[in-house]
Structure formats: structure tokens, C-alpha cells
Amino acid sequence: MDGAGEFDLSVFGLWPSGEAGAEPAGEVADAPRVRRAVGRLFLELKSADRPSAVDEFQRLLNDLTAEMRDQFELFRRLRASAEALIAGEDEAAAKAARADAKAATDAMALLVRTLEKIDGLQRQIVRDREAAELLAEEEGGDDAIRAELRAVIDAQADARARRLLQSWAAARDGAAVAARDSSGDPGEPESAPGAESG
């Protein structure tokens, strides 16, 4: 791969674990020094929750990415120094330098292909996480729809029960009034027998 020297390593960054849709982090100035400093400051947490297998795999992929980026830079420097020797006067050194330059280029091409595969795996992890979150939202959405439908049914049933109760009470009150009207007014006393004589 002749274009390995022009390959942009900043395309392949570290992926945050557990964050769906996250893009690779950009190039950090003096990244190897920062990684070493973080490694010295990191505390081992014995009581923390154990990360999932996917998170551990993603962390491994991030570690491999960081290591391969460093290796790529090393081979880039080796190839540059070999090219400087090729331009020199010593034919034996130039011949050895050409072999070194070819080996460095081959190694860089292999690293690029490996980084592309790692990046593909990282993207697949993100897609799988997004799909799992979407499925969980859909299942949760189904439960919410069921609960809302139950609430609507309960409200309609309560309203119908109230209407039926009111119509039953009105019919009962109407029947009582009709029965009272047909038997006479209970408020007027009936005249006693023999009261009309006189």
C-alpha cells in the first residue's frame, strides 16, 4: 500500500463505551503522554460494578487502537529514516534501507487494515446498542400505550356507569312521584265518617 504514509490516523480515535451514537474522539495533542499520565492516576475500583462483556470488548478495541496508532507512527518514522538512507551514497546501506522501507510500508498497510476492522467493530457495537435502545423504547412504548388504553376504557366505563345510575335514579324518582299522584295527595286528611251531618 503506497498511500500508507499519507493515511490520516485521526480518523481512528477512541470510542466512548456505553454511549450510543458517539463519534470517535478527535486527535489529542501529545496523546501518548496523556495516556501514560492517566494510567498512573487511575485507581483500581474493587467494589465497582463489573463492566459488561461488550464494554470490556470495546475497551480492548480502544487499547488496540491506541497501540496500533503508536506502532503506525513508529513505522512511519522508520520508513522516513530508511528513505533518507536510500538517497545516501552507500549502496549496501541503500539496499538494506529499501528492504526496511518496504517492510515498514507493508507493516503500515497491515495496521491500516486492522484499524479499519477495529473501527468497523466499534461502529457495529454502536449500531447494536442503538437497536437495543430502540427495541427497549418500543417495548416501553407498548406498555405505555396499553396503560393509556386501559385508562381511556376505565374513564369511559365510569362515565357510562354514572349515566346509567342517573337514568335509573331518575326513573325510580319518576315512578315514586307517579305512584304518589295516582293514590292521592297524602298531605290532605280524609274526612271522618259522619262529619258532614249537621
Side-chain angles (χ1 to χ4, degrees), residues 1-87 94-146:
M1 179 173 182
D2 294 334
E6 291 76 36
F7 180 74
D8 184 11
L9 270 183
S10 64
V11 173
F12 300 104
L14 305 181
W15 288 74
S17 61
E19 295 182 13
E23 288 300 317
E27 187 71 21
V28 176
D30 201 8
R33 186 178 65 78
V34 171
R35 280 196 297 273
R36 286 193 301 272
V38 169
R40 285 194 305 272
L41 296 174
F42 184 73
L43 297 176
E44 183 180 358
L45 301 175
K46 298 193 183 295
S47 63
D49 292 336
R50 185 168 178 80
S52 70
V54 174
D55 287 338
E56 286 183 351
F57 180 61
Q58 197 167 19
R59 187 175 301 130
L60 173 65
L61 292 176
N62 280 336
D63 292 343
L64 286 171
T65 299
E67 180 65 28
M68 289 185 188
R69 286 165 58 108
D70 293 343
Q71 291 293 323
F72 187 88
E73 289 297 340
L74 173 67
F75 283 119
R76 183 181 277 170
R77 288 193 300 271
L78 287 174
R79 191 176 73 169
S81 64
E83 287 171 353
L85 286 175
I86 290 172
K95 185 176 180 181
R98 275 192 286 278
D100 290 345
K102 182 181 182 324
T105 301
D106 291 345
M108 290 166 69
L110 178 62
L111 287 170
V112 168
R113 288 194 300 273
T114 307
L115 284 169
E116 288 171 345
K117 287 181 182 177
I118 288 174
D119 188 66
L121 287 171
Q122 294 278 32
R123 290 180 189 280
Q124 185 61 49
I125 289 172
V126 169
R127 282 192 296 270
D128 291 347
R129 279 196 170 128
E130 287 174 348
E133 287 177 5
L134 183 62
L135 182 63
E137 285 175 9
E138 286 176 356
E139 289 174 354
D142 289 347
D143 292 341
I145 290 170
R146 281 191 206 101

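Quick note: residue numbers are just sequence positions, from 1. Just so we're clear, the structure is a prediction, and the values are computed from it rather than from any experiment.
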Residues that [X] engages under side-chain contact (heavy atoms from CB on, under 4.5 Å), provided they are two or more places apart:
| X | result |
| --- | --- |
| Arg127 | Arg123, Gln124 |
| Thr114 | Met68, Leu110, Ile118 |
| Ala82 | Ala97, Asp100, Ala101 |

What's the spacing between [X] [atom1] and [Y] [atom2] if we round to 0.5 Å?
| X | Y | atom1 | atom2 | result |
| --- | --- | --- | --- | --- |
| Leu64 | Leu111 | CG | CG | 11.0 Å |
| Gln58 | Ile125 | CD | CD1 | 4.5 Å |
| Thr65 | Asp70 | OG1 | CG | 11.0 Å |
| Met108 | Leu74 | CE | CG | 10.0 Å |

How would you list, by chain and number, every residue that makes a salt bridge (Lys or Arg N to Asp or Glu O under 4.0 Å) with Lys102, sequence neighbours excluded? Asp106
Can you list everything that forms a side chain to side chain donor-acceptor pair (under 3.5 Å) with Arg77? Sequence neighbours excluded, please.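 Arg77: no side chain to side chain donor-acceptor pair (under 3.5 Å) contacts found.
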For Glu83, what residues pass the side chain to side chain donor-acceptor pair (under 3.5 Å) criterion, not counting sequence neighbours?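 Side chain to side chain donor-acceptor pair (under 3.5 Å) check on Glu83 returns nothing, list empty.
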Could you report the tightest heavy-atom contact between Leu61 and Gln122, atom names first, then the distance? CB-NE2, 3.5 Å
Tightest non-hydrogen contact, residues Phe75 and Ala104, listed as O-CB, 3.7 Å
Find out whether Val112 and Glu116 are in side-chain contact, i.e. whether some heavy atom of one side chain is under 4.5 Å from a heavy atom of the other.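 When only atoms from C-beta onward are counted, Glu116 and Val112 do touch, with a gap below 4.5 Å.
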Are the charged groups of Glu73 and Arg76 less than 4.0 angstrom apart, N to O?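 Between Arg76 and Glu73 there is a salt bridge, with a charged N closer than 4.0 Å to a carboxylate O.
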